[in-house]
Amino acid sequence: MADIFADFRRLVVAALDDLTASGALPPGLDTARVAVEPPRDPAHGDLSTNAAMVLARAVNENPMALAERIAAALSGRELASGDYRGAGFTAEVARPGFINIRLDAAVWQAQLRAILGAGLAYGDSGIGRGRRVNIEFVSANPTGPMHVGHGRGAVVGDALAALLVKAGFAVQREYYINDAGAQVDALARSVHLRYREALGESIGEIPEGLYPGEYLVETGQALARRDGGKWCGRPESEWLRPVGEFAVAAMMDLIRDDLSRLGIGFDAFVSERELVRDGAVDRCVGALEAAGLVYTGVLEPPKGKLPDDWEPRPQTLFRATQFGDEVDRPLKKSDGSWTYFAGDIAYHYDKFRRGFTDLIDVWGADHAGYVKRMQAAVKAMTGGGAALDVKLCQLVNLFDNGVPVRMSKRAGNFVTLREVVDEVGANVFRFIMLTRRNDQALDFDFAKVTEQSKDNPVFYVQYAHARASSVMRHAAEAALLGDAALAEAALERLTDSHELAIIRLLAGWPRLVESAAEAHEPHRVAFYLQEVAAAFHLLWTKGKDEANLRFIIGADRGLTRARLALVRGVAIVIAAGLAVFGVEPVEEM
RNA sequence: GGCCCCGUAGCUCAGAUGGAUAGAGCACCUGCCUUCUAAGCAGGUGGUCGCAGGUUCGAGUCCUGCCGGGGUCGCCA
């Protein structure tokens, strides 16, 4: 697939190889750091390479002089990008050693042809080489409906997964169900209360430590429908487990439903309880023990303010400090059961056993302190064979027209994800969640995200797509103009600087996909789409002032077709970007 | 106190793994609707990139130390 930056970089490397072959450069130069990028200032040209500056030291030559030699070696070479073949570029050296390239319009026109030819697949990349990536996200505790913070993690994880797929990775989306801890017992007791309530008992206040939320009323009723009075007046030991399992299943249904409203699905749900039951945790800790990484010891008290009930006691510990963590971490609770951490080690090892060496976890920022120990555990269990990247999602602050929406989880009146999505729509929610870096707190204002103004990035981008669609509707011959036909248009007639500027921007999409995928940063797509939208709105308004810049020129069918090709190019790239976000482009607004 | 994240225009934020004169939107001025959606566009005002050192051809970006904000800190998940 055409990527002008990658294509030109090949040309630079070929020129360097030639210089080496002819003895003009020493053998064995490392060209890994040679980059071809758009210069920040367009006045410097279309492309720019740092080759001379990066190699100057190894060659022991002044960067400017080296740049001159490389530039000379470049000139006259044939560039191949899309269906373009030729020497349509000029190279020029600038201090302190940049080589700036200007491309003929024909090169850009070929990029547009490539976009039309590829359609939504434009930007698909092979850099992933089919490597298997496992991305675990959401993993919300199965104790209630999802809240907005979970929604952010869900969208970030899903978009990152889609981005990695686009970049050529084989991605598995996973959800880890934390169904083994004490919280499940609390859930079971809560549901049992609601169950008795459903059978006509008066239950009064929900005791401290149980889940008070109204959503469990229905779960209690469902249990009553299924099992009748079976669990009434029986000791807790008899019903705790079965009711817990019923409740977890019900909560997972709730969560899956919340997720489906966002258009998010998973390839696998992995249960902590089943890992424990299968003995995976025992095997895992056993392996650590065999490696001498488990011992019984007493931890130093934490620095600063001590918890009230702190007292030294011996624990089963994992030597996390050997792998970069600050302290060794406990694997067992005092009742002999595994800690959450022990289960999580087994789970991550299980991912590795299933063939994943690239692991990504998306967590809430409150788990920041957990990152190092998990990475340490992955390192220990896989002998460095797998890498774990953790994306921490900061808080979402809800506002309504500038007024903070107060939430209290304890009082059970927190705003659920479902309420928000029902109010603003999945498309808006998803896009807005990706307009900030994941580690930056995000303000979400109900009024602003649905506002129709430039202030609102979703609207701004969608409006550009709608305008492009509108042009196509207005084109008398639009019905005859599929993308394949438009690719055959006389694109050499696209010569206006604004038109070429848009193609330049569109041609940067493959490069953006690759860099965002490698950095695991889907939000970059949102900012890129805003740039594309801005360039298109600009040209649109130009056409208001100067009739000869309008897309549809009644008297000139050839020019009209060329411009429609450009408009389609814009629509394709916006749609391809939105597809990564799981957002549907709108045709009309 | 330890660790993690953040600190960029009055406000909200980008900044492509170290590139050239640091960019958008909002706000504030000034223009642009008989014409493909003015729900938009153009121009202007606005910066010691928290502070101080260091690394090198070159630092908002990497390293060290401070300052400020947030999060977190042994059997919660």
Regarding the side chain of A/V471, the nearest nucleotide among B/C6, B/C36, B/G40 is B/C36
Of B/U72, B/A38, B/A42, the nucleotide closest to the side chain of A/Y463 is B/A38
(request) Mind telling me whether A/F323 and A/F318 have parallel, tilted or perpendicular rings, with 30° and 60° as the class edges? (result) parallel
Side-chain atoms of A/R436 come closest, of B/A16, B/A77, B/A14, to B/A14
The contact string for nucleotides 56-61 of chain B, one letter per nucleotide 5' to 3', using protein heavy atoms under 4.0 Å with B, S and - for base, sugar-phosphate only and none, comes out as SB--B-
Here the distance between atom P of B/C41 and atom CD of A/E531, to the nearest Å, is 14 Å
Atom P, compared across B/C13 and B/C57: separation rounded to whole Å:
37 Å
Rounded to whole Å, the CZ-P distance (A/R473 to B/U37) equals 8 Å
Side-chain N or O of A/K542 less than 4.0 angstrom from OP1 or OP2 on B/A38?
no
Out of B/A20, B/C36, B/U12, minimum distance to the side chain of A/I552 belongs to B/C36
Scanning all shown strands, the Watson-Crick or wobble mate of B/C3 with both distances under 3.5 Å is B/G71
Quiz item: Is the distance from OP1 or OP2 of B/A38 to the nearest side-chain N or O of A/W540 less than 4.0 Å?
Solution: yes
- Taking NZ, NE, NH1 and NH2 as the nitrogens, is one of them in A/R511 or A/D3 under 4.0 Å from a carboxylate oxygen of the other? no
The reported gap from CG in A/D366 to CG in A/L392 (rounded to nearest 0.5 angstrom) is 9.0 Å
Q | Sugar-phosphate only, base, or nothing, as touched by A/H537 at under 4.0 Å among non-hydrogen atoms | A | sugar-phosphate
### Message
Any side-chain N or O of A/R467 below 4.0 angstrom from OP1/OP2 of B/A38?
### Response
yes
Is there a donor on the side chain of A/S48 or the base of B/A20 sitting less than 3.5 Å from an acceptor on the other?
yes
Review point. How far does the C1' atom of B/A9 sit from the matching atom of B/A14, given to the nearest Å?
Key: 13 Å
Assign each of A/T339 and A/G543 the nucleotide of RNA chain B bearing its closest heavy atom; nearer the 5' end lies the nucleotide of A/G543
For this session: Look at A/Y460 and B/C41 and indicate whether a side-chain polar atom (N or O) is within less than 4.0 Å of OP1 or OP2.
Result: yes
* Phosphate oxygens OP1/OP2 of B/G15: is one of them under 4.0 Å from a side-chain N or O of A/H523? -> yes
Taking B/A14, B/A16, B/G74 as options, the one with an atom nearest any side-chain atom of A/R524 is B/A16
| query | Would A/K351 and A/E136 pass as an ion pair if we require N to O under 4.0 Å? | reply | yes
The glycosidic conformation of B/C51, counting syn as within 90° of 0 and anti otherwise, is anti
Any A/Q440 side-chain N or O less than 4.0 Å from OP1/OP2 of B/A14:
yes
Under a 3.5 Å limit on both distances, the Watson-Crick or wobble mate of B/C13 is B/G23
Sorted by position of nearest nucleotide on RNA chain B, 5' first, the leading residue of A/F459 and A/F551 is A/F551
For A/Y295, does the six-membered ring have the charged nitrogen or CZ of A/R319 within the cation-pi criterion, i.e. under 6.0 angstrom from the centroid and within 45° of the normal? yes
From CD1 of A/I502 across to P of B/C41 the rounded distance in Å is 12 Å
**Asked** Under the 3.5 Å rule, do the base of B/A77 and the side chain of A/D344 count as making a donor-acceptor pair?
**Response** no
Can you tell me, in whole Å, how much space there is between the P of B/G7 and that of B/C51?
13 Å
Taken to the nearest whole Å, CD/A/E451 to C1'/B/U12 is 14 Å
Side-chain atoms of A/E326 come closest, of B/G2, B/U12, B/A77, to B/G2
What class does the angle between the rings of A/W509 and A/Y528 fall in, given that below 30° is parallel, 30 to 60° is tilted and above 60° is perpendicular? parallel
Assigned chi class of B/U17 under the 90° convention is syn
Under-4.0 Å salt bridge between A/D556 and A/R493: yes
### Spacing of the C1' atoms in B/U48 and B/A59 (rounded, Å)
15 Å
| said: Does A/K332 qualify as a cation-pi partner of A/W338, given the criterion of NZ or CZ under 6.0 Å from the six-membered ring centre and within 45 degrees of its axis? | reply: yes
- OP1, OP2 of B/C76 versus side-chain N and O of A/H367: anything below 4.0 Å? no
Review point. Got A/H474 and A/V471 here, is their nearest side-chain heavy-atom distance under 4.5 Å?
Key: no
**Request:** Identify whether any heavy atom of A/Q183 sits under 4.0 Å from a base atom; if not, whether one sits that close to sugar-phosphate; answer base, sugar-phosphate or nothing.
**Result:** sugar-phosphate
Using Watson-Crick geometry (N1-N3 plus N6-O4 or O6-N4) or G-U wobble (N1-O2, O6-N3), each under 3.5 Å, B/C76 is paired with none
Quantified in whole Å, what is the C1' atom distance between nucleotide B/G70 and nucleotide B/G31?
-> 44 Å
- Item | Whole-Å P distance, B/C49 and B/U56 | 22 Å
Between CD of A/E546 and P of B/A42 the distance, given in whole Å, is 13 Å
When rounded to whole Å, the CG to P distance for the pair A/L539 and B/G40 reads 17 Å
Here the distance between atom C1' of B/G40 and atom CD of A/Q462, to the nearest Å, is 16 Å
Whole-Å distance, A/D325 CG to B/G2 P, equals 16 Å
- Measure the shortest side-chain to side-chain distance between A/F536 and A/R467 over non-hydrogen atoms and say whether it is less than 4.5 angstrom. yes
- Message: What's the gap between B/A52 and B/U8 when it is taken at their P atoms, as a whole Å value?
- Response: 16 Å
Check whether any side-chain N or O of A/R437 sits under 4.0 Å from OP1 or OP2 of B/G15, and answer yes or no. yes
Pairing partner of B/G65, by Watson-Crick or G-U wobble and under 3.5 Å for both distances, is B/C51
d(A/E68 CD, A/E92 CD) to nearest 0.5 Å is 9.5 Å
